[in-house]
Student: 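Submitted below is the structure of interest, expressed as structure tokens.
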Amino acid sequence: MPAGSQSTLRVFTTRPDTLFGATYMVLAPEHALVADLTTPAQKAAVDAYREQASRKSDFERTELAEEKTGVFTGSHATNPVNGNKVPIWIADYVLAGYGTGAIMAVPAHDERDHEFAVKYQLPITQVVSPLDGSEIPPDAAYSEHGLAMNSGFLDGLKTTEAKARMIDWLEKEKKGSRKVNYKLRDWLFSRQRYWGEPFPLLHEIGTDGEPTGRIEPIDISELPLKLPVLEDYKPSGRPEPPLGKATNWIEVQRDGTTWRRELNTMPQWAGSCWYYLRYLDPKNDQAFCDPAKENFWMPVDLYVGGAEHAVLHLLYSRFWHKVLFDRGHVKTAEPFKRLVNQGMILGEMEYNAFRDNAGAWVQPNQRDKPGVEPVRLTEEQVEKKGDTFVLKSDPTIKVDARANKMSKSRGNVINPDEVVKEYGADSLRLYEMFMGPLEATKPWSMRGVEGVYRFLSRVWRVFMDDRSEEMRLNTQVSNDAPDPDTLRLLHQTIKRVTDDLDNMRFNTAIAAMMEYTNHLTPLSVKPSAALKPFVLLLAPFAPHLAEELWHSLGHANTLAYEPWPIFEPALLVASTIEIPVQVNGKIRVRLLVSPDISKEDLEKLALADPKVQENLAGRAPKKVIVVPGKLVNIVG
RNA sequence: GCUGGAGUGGCGAAAUGGCAGACGCAGCGGACUUAAAAUCCGCUGGGGCGAAAGUCCCGUGUGGGUUCGAUUCCCAUCUCCAGCACCA
């Protein structure tokens, strides 16, 4: 502090145990006490630094700041635990908006402080030692927990205990207090645009025509507050939001004073944060929903959304819900039981090679050099060599092969309307489910769409006579009983599709139906008893096609209310199964056996096999592992 | 830098301790056709030996470990993707 000054600098820390290691302090350039603390000798440098920092955006201060910068204020502070005088600096690596906008710097145990201390040659005092007794590296900060050292009454304590002891001491000496800090990211609730819920708030206007600072909510009887109808709701070009144009809506008289409505509006998620509650009872004009209905439906069983939903909408929804919960308006602390994040669909796979301005091919790692341009290649122009793609015409040149995020600028956007027009809504829907696991990021492929379209066409031809002019059933469709193989496969398919749907494995459910269709296609007799349950399985995946088939099978009504097919466990089992027999972990022969063969019989059968004997080459088996229904492994 | 996820054929993938590559795409061969498209049938991880039937070896990013047995479990490591990013 400058001579005679007795100001107090408040800091926030999560490591009070390192207070003995605080060798300097840093204030954010915007900190209120900077001007008071700056000595005349340092004034010019400090002012210049603050001026420079004020020009930088937050982005520049964080993303681009490769090296830390700062300026000494000329003043010193007293470390409350040991009375040491420590210099006070300002630096933009300390954020004004977090904590108190000031820190105690512990360069031995904080990477940022360490970097700064090294650059400006500030002292570094170690006050924590690793639990395993090792030395801390001299060129880096040790930010892990450990044992306190050089710390007076804390010496020898583990970090957790040292923290507690230090806080107790600070509170006793009235030099500090414990506090939990919460921060909700991006909690900015005002938008300067028209489309959004208006805030039901009024600003009092004084006799001078300026706001007095007093803010009051509108009367509850005036809710809901609706947007005023505006012909022109585009931004005005002036700083005030578009609602400023609603001149006869803005001013309100109340108790003889003039009030002005809030002109900002709420962001989209103001409404979307609680729609799941309003949807339960959308016509209720007394409450956002009837508690009985909320009790019945909430919490939401499953929430499926993309990445931006996970980080923003979901965060705010939960926050919102917890506020309602704390105030007793909802019965659950959490709104959603389960979250599933579906993966991003990328554009089609792209192959790019790079060429310099002389037209010569260069390696992809030269891509950022001036004059180097990407050249888009077709699949035919590239080949795989080792684990990279190379030019077919010059295999020494590597090719960059990847799928990119869909974006207008890249021109790789797939318009679903076009896909529906070309292949139908069922194909689009089915393809999206068939591409891979729901949660995975995966590239789009028009050929893949064509593949599922062909599958649906195949299904159609199993049921329908595609040579006929009018819609009629394939003549092979009959009322005969299905053969045992078909029946077994049907029940296996019902089981697989049912299980996969329960686990949201849509891709493998579709694969199972494809296998079943491949089985049905060559059959000269197609029993309707094997077809009807299949249509019901297909319905959630390709609803339009399934309805058509259902009607063609002679049903007048929709299949939507039909019960889901149930498999018969007894029908899943084949009369013979194949069991691989390994000798020392390598498959040597496969045995066809009855599925209910005993362990002992299977072992005997395996050992008696000539192929097994040949591989044992006269050695006696040391161990035989028999996994019923799976395999036999003979170790010898 | 931190956090999370992922590395398996030419491509999307399947198999969660027990036959690696189901299913689909692409490719190759055949049938049908005057022809093509569509459709149907067959083959299709790599390599060796063999005229063939066949047979042997290698193979799930890399290195190690556990196990009779590892894509799957454990340890280490590399690469890619996504989100966040000086939060004291």
Side-chain angles (χ1 to χ4, degrees), chain A residues 11-16 18 22 26 28 58-59 61-63 65-66 68 91-95 97-106 109-113 115-116 143 181 183 185 307-308 310-312 341 343-344 346 348-349 379-380 382-385 387 389 401-405 430-431 434-437 439-452 454-455 457-458 461 466-467 496 505 507-518 521-522 578-590 621-636:
Chain A
V11 299
F12 175 77
T13 181
T14 56
R15 291 294 299 270
T18 61
V26 185
D58 275 357
F59 179 79
R61 282 172 65 161
T62 58
E63 308 276 317
E66 280 158 20
K68 293 192 169 30
D92 63 7
Y93 82 89
V94 171
L95 306 176
Y98 186 80
T100 59
I103 62 158
M104 61 175 217
V106 185
H109 305 290
D110 181 282
E111 283 174 32
R112 299 152 298 186
D113 297 342
E115 193 191 321
F116 193 78
S143 50
N181 245 6
K183 190 179 185 226
R185 194 187 142 263
E308 70 285 4
V311 293
L312 297 172
N341 239 187
M344 192 183 7
L346 305 174
E348 295 244 6
M349 186 78 163
E379 230 178 300
E380 286 69 41
V382 300
E383 63 183 348
K384 189 107 180 211
K385 189 179 160 197
D387 52 6
F389 278 92
R402 66 178 68 227
N404 295 289
K405 242 187 201 178
L430 201 68
Y431 174 64
F434 186 62
M435 294 170 87
E439 281 131 306
T441 301
K442 43 212 178 260
W444 186 266
S445 158
M446 253 338 174
R447 282 175 175 159
V449 182
E450 215 153 317
V452 296
R454 278 207 287 263
F455 161 64
S457 309
R458 243 165 115 82
R461 284 192 300 271
D466 66 325
R467 313 242 163 150
R496 286 171 69 186
R505 294 186 300 239
N507 53 330
T508 48
I510 293 166
M513 291 189 285
M514 285 174 168
E515 283 179 60
Y516 187 59
T517 306
N518 291 345
T521 296
E578 204 184 62
I579 300 288
V581 180
Q582 303 179 329
V583 177
N584 294 330
K586 284 190 173 138
I587 294 158
R588 297 302 176 179
V589 70
R590 291 178 172 87
K622 286 189 199 118
K623 192 171 177 183
V624 181
I625 293 108
V626 181
V627 186
K630 287 283 188 186
L631 61 36
V632 180
N633 188 14
I634 299 161
V635 186

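First the proteins, then the strands, lettered A, B, ... as listed; each starts at 1.
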Student: Between A:Asn518 and A:Arg458, is the side chain to side chain contact (heavy atoms under 4.5 Å, CB included) condition met? List the steps.
Tutor: CA-CA 8 Å; A:Asn518 291 345; A:Arg458 243 165 115 82; 2.9 Å; yes
Student: For A:Trp444 and B:C11, give me the distance from atom CH2 to atom P, rounded to whole Å.
Tutor: 21 Å
Student: Choosing from B:C86, B:C23, B:G18, which nucleotide comes nearest the side chain of A:Ala511?
Tutor: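 Output: B:C23.
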Student: Sticking with atom C1', work out how far B:C19 lies from B:A14, rounded to a whole angstrom.
Tutor: 14 Å
Student: Please work out whether B:G9 sits syn or anti, treating a glycosidic angle within 90° of 0 as syn.
Tutor: syn
Student: Closest to the A:Glu515 side chain: B:C23, B:G18, B:A88?
Tutor: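 The listed nucleotide nearest to A:Glu515's side chain is B:C23.
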Student: In whole Å, measure the gap between the C1' atoms of B:G61 and B:U67 for me.
Tutor: 23 Å
Student: Using a 4.5 Å cut-off on heavy atoms from C-beta on, say whether the side chain of A:Glu115 contacts that of A:Tyr93.
Tutor: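 No; the side chains remain at least 4.5 Å from each other.
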Student: Between A:Glu111 and A:Gly101, who's closer to the 5' end of RNA chain B by nearest nucleotide?
Tutor: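 Looking at the nearest nucleotide for each, A:Glu111 comes out on the 5' side.
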Student: Nearest whole Å is fine: how far is B:G24 P from A:Met513 CE?
Tutor: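 Atom-to-atom, A:Met513 to B:G24, this comes out as 13 Å.
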Student: CD of A:Glu439 versus P of B:G5: gap in Å, rounded?
Tutor: 11 Å
Student: Among B:C86, B:C68, B:A88, which nucleotide sits nearest the side chain of A:Ile103?
Tutor: B:A88
Student: When you compare the protein's N or O atoms with those of nucleotides 25-31 of chain B, which come within less than 3.5 Å of each other, and at what distance?
Tutor:
residue: B:C25; atom: OP1; partner: A:Arg454; partner atom: NE; Å: 3.1
residue: B:C25; atom: OP1; partner: A:Arg454; partner atom: NH2; Å: 2.9
residue: B:A26; atom: OP2; partner: A:Arg454; partner atom: NH2; Å: 3.0

Student: Within less than 4.0 Å of OP1 or OP2 of B:C40, is there a side-chain N or O belonging to A:Arg461?
Tutor: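 Checking B:C40 against A:Arg461, a side-chain N or O does come within under 4.0 Å of OP1 or OP2.
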Student: Could you list the protein-to-nucleotides 55-66 of chain B atom pairs, N/O on both sides, closer than 3.5 Å?
Tutor:
none

Student: Please give the nucleotide sitting opposite B:A22 as a Watson-Crick or G-U wobble pair, both distances under 3.5 Å, or none.
Tutor: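 Pair assignment: B:A22 / none.
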Student: B:G83, OP1 or OP2 - any side-chain N/O from A:Asn341 closer than 4.0 Å?
Tutor: no
Student: Does A:Glu348 use its side chain to pair, donor to acceptor, with the backbone of A:Met446 at less than 3.5 Å?
Tutor: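 Side chain of A:Glu348 to backbone of A:Met446, a donor-acceptor pair under 3.5 Å: yes, one is there.
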Student: Need the pair for B:C73. Rule: Watson-Crick or G-U wobble, both distances under 3.5 Å, any strand; none if unpaired.
Tutor: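 WC or wobble partner is B:G65.
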Student: Atom CE of A:Met349 and atom C1' of B:G24: how far apart are they, to the nearest Å?
Tutor: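 Checked: the CE to C1' distance equals 17 Å.
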Student: Pairing check on B:G54: which nucleotide meets the Watson-Crick or G-U wobble criteria with it, both distances under 3.5 Å?
Tutor: B:C49
Student: Could you please name the partner base of B:C80, counting Watson-Crick and G-U wobble pairs only when both distances are under 3.5 Å?
Tutor: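 Partner of B:C80: B:G5.
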Student: Please report the interatomic distance CG(A:Asn633) to CG(A:Asn584), rounded to the nearest 0.5 Å.
Tutor: 7.0 Å
Student: Within the distance-only criterion (no hydrogens, no angle test), does the side chain of A:Tyr431 pair as donor or acceptor with the backbone N or O of A:Ser445 below 3.5 angstrom?
Tutor: yes
Student: Quick check for you: among B:A13, B:A88, B:C68, whose closest atom lies nearest to any side-chain atom of A:Val635?
Tutor: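 Nucleotide nearest to A:Val635's side chain: B:C68.
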Student: To the side chain of A:Phe434, which of B:A88, B:G24, B:A15 is closest?
Tutor: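 Ranking B:A88, B:G24, B:A15 by closest atom to the A:Phe434 side chain puts B:G24 first.
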Student: Which nucleotide in the list B:A20, B:G18, B:A82 gets nearest to the side chain of A:Met344?
Tutor: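 Taking heavy atoms from C-beta onward, the closest nucleotide is B:A82.
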Student: If you draw a 6.0 Å radius around CD in A:Glu383, do more than 12 non-hydrogen atoms from other residues or ligands fall strictly inside?
Tutor: yes
Student: Is the shortest side-chain heavy-atom distance between A:Thr517 and A:Met514 below 4.5 Å?
Tutor: no
Student: Can you tell me how far P of B:A14 sits from CE of A:Met514, to the nearest Å?
Tutor: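 To the nearest whole Å, that distance equals 14 Å.
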Student: A:Met104 and A:Thr13: which non-hydrogen atoms are nearest, and at how many Å?
Tutor: CE-OG1, 3.9 Å
Student: Give the rounded distance in Å between these two atoms: CG of A:Asp110 and P of B:C2.
Tutor: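 So the two atoms are 14 Å apart, to the nearest Å.
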Student: Think A:Lys384 has a side-chain N or O under 4.0 angstrom from the OP1 or OP2 of B:C11?
Tutor: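 The answer is yes; a side-chain N or O of A:Lys384 sits under 4.0 Å from OP1 or OP2.
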Student: Counting only side-chain nitrogens and oxygens, does A:Lys405 get under 4.0 Å of the OP1 or OP2 atom of B:G83?
Tutor: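 So the side-chain polar atoms of A:Lys405 do come within 4.0 Å of the phosphate oxygens OP1 or OP2 of B:G83, strictly under.
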Student: Sub-3.5 Å donor-acceptor pair from the side chain of A:Asn507 to the main-chain atoms of A:Met435, do we have one?
Tutor: no
Student: Tell me: CD of A:Gln582 to P of B:A20, nearest whole Å?
Tutor: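 Taking atom P of B:A20 as the reference, CD of A:Gln582 is at 7 Å.
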Student: For A:Leu631 and B:A20, what is the distance between atoms CG and P respectively, to the nearest whole Å?
Tutor: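 It is 9 Å, rounded to the nearest whole Å.
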Student: Considering just the side-chain nitrogens and oxygens of A:Lys623, establish if one lies under 4.0 Å of OP1 or OP2 belonging to B:C68.
Tutor: yes
Student: Measuring only the P atom in each nucleotide, how far is B:C40 from B:A26? A whole number of Å is fine.
Tutor: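 Between the two P atoms, the distance is 13 Å.
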Student: Check the phosphate of B:A14 against A:Asn507, side-chain N and O only, distance under 4.0 Å to OP1 or OP2. Yes or no?
Tutor: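 Checking B:A14 against A:Asn507, a side-chain N or O does come within under 4.0 Å of OP1 or OP2.
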Student: Would you say A:Lys68's side chain and A:Asp113's backbone share a donor-acceptor pair under 3.5 angstrom?
Tutor: no
Student: Identify the two heavy atoms, one from A:Leu346 and one from A:Asn404, that lie closest to each other, and give their separation to 0.1 Å.
Tutor: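 What the structure gives for the nearest pair is CB-O, 3.4 Å.
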Student: Which base, if any, makes a Watson-Crick or G-U wobble pair with B:G42, both distances under 3.5 Å?
Tutor: B:C28
Student: As an exercise, state the distance from NZ of A:Lys630 to CD1 of A:Ile579, rounded to the nearest 0.5 Å.
Tutor: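 If I round to the nearest 0.5 Å, the distance is 9.5 Å.
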Student: Of the nucleotides B:A13, B:C19, B:C40, which has the atom closest to the A:Glu578 side chain?
Tutor: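 Selected nucleotide (nearest to the side chain): B:C19.
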Student: Identify which nucleotide among B:A13, B:G18, B:C41 has an atom closest to any side-chain atom of A:Ile625, counting heavy atoms from C-beta outward.
Tutor: B:G18
Student: Any donor-acceptor pair under 3.5 Å joining the side chain of A:Lys68 to the base of B:C86?
Tutor: yes
Student: Where each residue is assigned the nucleotide of RNA chain B containing its nearest heavy atom, which of A:Asn518 and A:Arg15 is assigned the position nearer the 5′ end?
Tutor: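 Looking at the nearest nucleotide for each, A:Asn518 comes out on the 5' side.
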Student: Determine the Euclidean distance between corresponding P atoms of B:G10 and B:U62; express it in Å to zero decimal places.
Tutor: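 Between the two P atoms, the distance is 14 Å.
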